[in-house]
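Reviewing the structure listed below.
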Amino acid sequence: MSLRVRFAPSPTGALHIGGARTALFNWLLARGSGGQLVLRIEDTDRERSTDENVAQILDALDWLGIDYDEGPIFQAERAERHREMLQRLLDDGHAYRSNATADDVKAFKAEHGGRGFRGEPEADGAVRLRVPDDGATVVHDVIRGDTRFEHVHLDDPVIARADGSVLYNFAVAIDDLDAGITHVVRGEDHLSNTPKQLLVLEALGAEPPTYAHLPLLHGPDGKKLSKRHGAASVQELRDAGYLPEAVRNYIALLGWSLDDSTTIMSDAEMIAGFDLARVSKSAAVFDEQKLRWLNGRYLRELPPAELAARLEALLGRGGLEQAAELAQEKMQTLAEFWPLAGFLVERQPYDEKAWAKVMRDGARDDLAAARDAIAAAEPFDVETVEAALRGVVEARGVKPRAVFQPLRVAISGSTISPGIFESVVALGRDETLARVDDALARA
RNA sequence: GGCCCCGUGGUCUAACGGUUAGGACAGCGGCCUUUCACGCCGCAGGCGGGAGUUCGAUUCUCCCCGGGGCUACCA
């Protein structure tokens, strides 16, 4: 039987980097084995699930380049099937109705020395799965080995509300079973839920899938990753100017490694090399610094036309290719493009600190000399402009920066820009002179 | 509190009883240089603690400590 995995996000929020990592690992597994990836939306919590979130998740997966073979399957639409299975458990005594409240459960445990809650069947109420008093349920996990859960400690879990709508731990077991899922790969926060799902499967007489619980992702403060940790959602990553291929590569490294030295990997390498057995057991911290670095590496590899296309999509404007090419080697994210090279597209206001720092002493004279050189450069190409400007430096007997920095501030408004000769040529003689003249007038 | 998982430099990780504990990001220093970056070179920094097993423990066992997850008629 071929491998079938699933990614089953709950649409109670945007897709976060942890969910993206889970999706990626499942995808790598499917693509590396000729198996299938099923997308299932776990929306049984009607209160918190929204269409907007579903759309966001789908959009995030699409942007990440993670495609699926089946789905999306909406769990809520399977209610009838869930009810049918629920009734089966009720009929054969594996489940019972109970009106016990959370407080009742607490009281029971207090009274019975912390033992798991066992209720008495009632005519109505929520449905609880009956957990055997003796024995234990062992979770065989590919990553963590065996984990044993003694039944005495387990409460009879509520698997359906009083109105008959089913709860997560029940729905997941049924849906994975019906979808023919062979490997359940999900976050470690589900490890404690697994015995409940195993018990449901057992009550149904079904074979359980293979499980693999991925280590959790934490924020820089060591706490569970959340919105407070900055660019945590996939959409935010996109808006911050990260490339999907860089994000894929980066998150693949969170809890997994190809070998002892590989950091940058193509999708093909990841797919071919991914192995659950090499997934780490300990939680990882999302480190945006490293993502930035990795993103920069990918950015520099992009053909200029492709880089321009990505920038144009992000910024919503065209005609960026020339500027993109000049800025490429200095960017780590797409978002850094505009502050760095926006002046090549449209004039930017002066950064007053930059102006104050550069426009002093003989700066005006140096700039004026540079202006004349630029005005006379013929032909107007990088080579000639560079020669002309270096000639100014030589003639005036100053440091190169004495001439280049005022010129840089004059045309870009900032002390930071792509190469000055390339920038001047990209801007064109007329525009350059116009900006220099304005700066001269201001100095 | 109960149950469960985890523990290699600041961060991501390699090592599956014997290595000068390897790589990457960040940091620091240098080179390059028109700015900022990139790139290159170098430096610093780690096995949470304690017992035990063993000729020998980062690696195996136990205890402690630390972090995390679950403990909903959420997922």
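Note that these values count all heavy atoms, side chains included, but never hydrogens, waters or copies made by symmetry. Chain naming here is simple, since letters A, B, ... match the order of the sequence lines and numbering starts at 1 in each.
- For H112(A) and F108(A), the ring centers are positioned less than 6.0 Å apart.
- In this structure, C3(B) forms a base pair with G69(B), meeting either the Watson-Crick or the G-U wobble geometry with both donor-acceptor distances under 3.5 Å.
- Taking atom C1' in both A21(B) and C16(B), the straight-line distance is 14 Å, to the nearest Å.
- Between the OH atom of Y250(A) and the C1' atom of U13(B) there is a distance of 11 Å, given to the nearest Å.
- A26(B) and U34(B) are spaced 28 Å apart, taking the C1' atom of each and rounding to whole Å.
- Between the side chains of R408(A) and Q405(A), a donor-acceptor pair is found at a separation under 3.5 Å.
- K290(A) contributes a side-chain N or O that forms a donor-acceptor pair with the base of A24(B) under 3.5 Å.
- Candidate nucleotides C73(B), A14(B), C5(B) were compared by shortest atom distance to the side chain of S257(A), and A14(B) ranks first.
- Residue-to-nucleotide contacts include no donor-acceptor pair under 3.5 Å from the side chain of R401(A) to the base of U35(B).
- When the nucleotides G69(B), U35(B), G7(B) are ranked by their closest atom to the side chain of D189(A), G69(B) comes out on top.
- Within the 4.0 Å cut-off from OP1 or OP2 of G67(B), not a single side-chain nitrogen or oxygen of S282(A) is found.
- Aromatic ring centroids of F404(A) and F421(A) lie under 6.0 Å apart.
- C47(B) and G66(B) have their C1' atoms separated by 15 Å, with the value rounded to a whole Å.
- The listed nucleotides are C38(B), G69(B), A75(B); the one nearest the side chain of E42(A) is A75(B).
- Between C60(B) and G18(B), the distance separating the two C1' atoms is 15 Å to the nearest Å.
- Interface remark: the R48(A) side chain does form a donor-acceptor pair with the C74(B) base, using a distance-only criterion of under 3.5 Å.
- Distance from the side chain of F149(A) is smallest to C3(B) among C25(B), U71(B), C3(B).
- Across the interface with RNA chain B, nearest-nucleotide mapping of V158(A) and L154(A) shows L154(A) to be the residue nearer the 5′ end.
- When the nucleotides U35(B), A75(B), C25(B) are ranked by their closest atom to the side chain of K330(A), U35(B) comes out on top.
- When distances are taken from the side chain of R278(A) to each of A14(B), C5(B), C12(B), the shortest belongs to A14(B).
- No hydrogens or angles were tested; on distance alone, nothing pairs the side chain of S261(A) with the base of G22(B) as donor and acceptor under 3.5 Å.
- The listed nucleotides are C12(B), G2(B), A14(B); the one nearest the side chain of L253(A) is C12(B).
- Listed candidates were U34(B), C38(B), C12(B). Nearest to the side chain of L254(A) is C12(B).
- The partner of C28(B) is G42(B), judged by Watson-Crick or G-U wobble contacts that both fall below 3.5 Å.
- Of the residues near RNA chain B, R148(A) and A283(A), the one whose nearest nucleotide (by heavy atom distance) lies more toward the 5' end is R148(A).
- Between the side chain of N193(A) and the base of A75(B) there is at least one donor-acceptor pair of N/O atoms closer than 3.5 Å.
- Whole-Å rounding puts the K281(A) NZ to C6(B) P distance at 6 Å.
- U59(B) and G39(B) have their P atoms separated by 37 Å, given to the nearest Å.
- Distances from the side chain of D287(A) to the nucleotides A75(B), A37(B), U11(B) place U11(B) closest.
- Under the 30°/60° scheme for interplanar angles, the aromatic rings of H190(A) and Y168(A) are found to be tilted.
- With G67(B), U8(B), C12(B) as the choices, the nucleotide that has an atom nearest any side-chain atom of H218(A) turns out to be G67(B).
- Ring geometry for F274(A) versus F25(A): interplanar angle of 30 to 60°, hence tilted.
- In this model, no donor atom of one side chain and acceptor atom of the other lie less than 3.5 Å apart for T101(A) and D103(A).
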